[in-house]
Amino acid sequence: MDSPKDLDAFRNAVWQRLSRGVADRRAAARNPVLSTVGLDGAAKARVVVLRGADASGGRLEMHTDAESQKVAELTREPGATALVWDARAKLQIRAEGALQARSGTEQEWDRVPAAARRVYGGTPHPGKAIAAPAAFAPSEVPARFCVLTLEIARLDVLWLGPELHYRAVFERGDDWAGHWVAP
Ligand SMILES: Cc1cc2nc3c(=O)[nH]c(=O)nc-3n(C[C@H](O)[C@H](O)[C@H](O)COP(=O)(O)O)c2cc1C
């Protein structure tokens, strides 16, 4: 990534990388780490697939099983972070905001590749103890296909430039204008 000439260029570079993550399975932003607040109050983190990046709305989208622990967690505490490290661009993106869960629509379910549908369903529910890996029975349950939307409130971005480290914070409340901060 070239040295961003101003805050607008920096923010645009971030959204470009996020969009690439949605479109290209080899892009770094394909697999953010999504962090939530656990029911025990401790931070919980897991890798997910980035399914949508809406720059104008300031939103990211991911898909999950409605019975997964993260859905119970965000129902109690929606505060969440999606973290991306793009090693080639030397760019860290921390997108913080409120994570909401809703049922996927029929049209959205139709777009899920057939081979991927088995991850939305299965018995017992994710995280439950089983006697052995083979004791889990996968199945397609469209009602458990859940769309997660992170409504970003704050983007904290760090670029490891060759001379200087650039860090900026962009906030929804500030209309994403952004300001530089010490790295
Ligand atoms: C490369 C990779 C991609 C993943 N993508 C997703 C995903 O898109 N959605 C999802 O719910 N879990 C995904 N997982 C599994 C999660 O990391 C996690 O194990 C699972 O969702 C259960 O998390 P939870 O118990 O915290 O809810 C992925 C794991 C890996 C390694």
Side-chain angles (χ1 to χ4, degrees), residues 14-55 57-153 155:
V14 167
W15 281 105
Q16 194 187 41
R17 296 276 157 179
L18 292 172
S19 300
R20 200 175 295 171
V22 177
D24 177 358
R25 62 178 64 233
R26 288 162 310 173
R30 180 70 169 184
N31 291 127
V33 173
L34 177 68
S35 300
T36 48
V37 180
L39 299 180
D40 59 2
K44 307 291 171 182
R46 78 286 287 163
V47 174
V48 291
V49 176
L50 187 61
R51 300 290 180 185
D54 169 10
R59 291 184 190 89
L60 299 179
E61 189 181 292
M62 294 134 284
H63 295 165
T64 197
D65 182 335
E67 294 294 346
S68 66
Q69 193 66 16
K70 64 182 89 49
V71 176
E73 290 164 1
L74 70 90
T75 304
R76 205 191 63 131
E77 168 51 66
T81 292
L83 168 70
V84 169
W85 164 236
D86 187 326
R88 282 185 68 182
K90 298 197 183 317
L91 187 67
Q92 172 178 261
I93 304 166
R94 291 191 280 176
E96 303 168 7
L99 189 62
Q100 285 144 8
R102 64 168 173 83
S103 297
T105 63
E106 215 174 303
Q107 291 91 324
E108 286 168 325
W109 175 253
D110 288 345
R111 287 199 294 272
V112 178
R117 291 185 182 170
R118 283 156 59 96
V119 303
Y120 307 103
T123 310
H125 289 167
K128 297 285 177 218
I130 47 178
F136 175 69
S139 63
E140 286 179 24
V141 183
R144 279 170 55 184
F145 173 54
C146 176
V147 175
L148 302 176
T149 305
L150 180 65
E151 171 136 325
I152 301 170
L155 266 175

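All heavy atoms count here, side chains included; hydrogens, waters and symmetry mates do not. All ligand and atom numbering here is 1-based and tracks the order in the structure. Start at 1 with the first residue, then count along the sequence.
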- Note on the structure: Across all chains, not counting sequence neighbours, the side-chain hydrogen bond (donor to acceptor under 3.5 Å, both in side chains) partners of Lys44 are Asp40

Exercise answer, ligand 1 polar atom pairs (N/O) under 3.5 angstrom:
from: ligand 1; atom 1: 5 (N); to: Val49; atom 2: N; distance (Å): 3.4
from: ligand 1; atom 1: 8 (O); to: Val49; atom 2: N; distance (Å): 3.0
from: ligand 1; atom 1: 9 (N); to: His63; atom 2: O; distance (Å): 2.8
from: ligand 1; atom 1: 11 (O); to: Thr64; atom 2: OG1; distance (Å): 2.5
from: ligand 1; atom 1: 11 (O); to: Lys70; atom 2: NZ; distance (Å): 3.2
from: ligand 1; atom 1: 14 (N); to: Val47; atom 2: O; distance (Å): 3.2
from: ligand 1; atom 1: 17 (O); to: Val47; atom 2: N; distance (Å): 3.4
from: ligand 1; atom 1: 17 (O); to: Val47; atom 2: O; distance (Å): 2.7
from: ligand 1; atom 1: 21 (O); to: Lys70; atom 2: NZ; distance (Å): 2.7
from: ligand 1; atom 1: 23 (O); to: Lys70; atom 2: NZ; distance (Å): 3.4
from: ligand 1; atom 1: 26 (O); to: Arg46; atom 2: NE; distance (Å): 2.8
from: ligand 1; atom 1: 26 (O); to: Arg46; atom 2: NH2; distance (Å): 2.7
from: ligand 1; atom 1: 27 (O); to: Gln69; atom 2: N; distance (Å): 3.3
from: ligand 1; atom 1: 27 (O); to: Lys70; atom 2: N; distance (Å): 3.0
from: ligand 1; atom 1: 27 (O); to: Lys70; atom 2: NZ; distance (Å): 2.9

- State which residue, out of Glu77, Arg46, Arg76, fulfils the side chain to side chain contact (heavy atoms under 4.5 Å, CB included) condition with Thr36. Arg46

- Could you verify whether a donor N or O on one side chain and an acceptor N or O on the other, from Thr64 and Arg144, lie under 3.5 Å apart? no

- Arg111 bridged to Glu106 by N-O distance under 4.0 Å: no

- Nearest 0.5 Å, what's the CG-OG1 distance between Leu60 and Thr149? 9.5 Å

- Item | Over 12 foreign heavy atoms within 6.0 Å of CZ, Arg118 | no

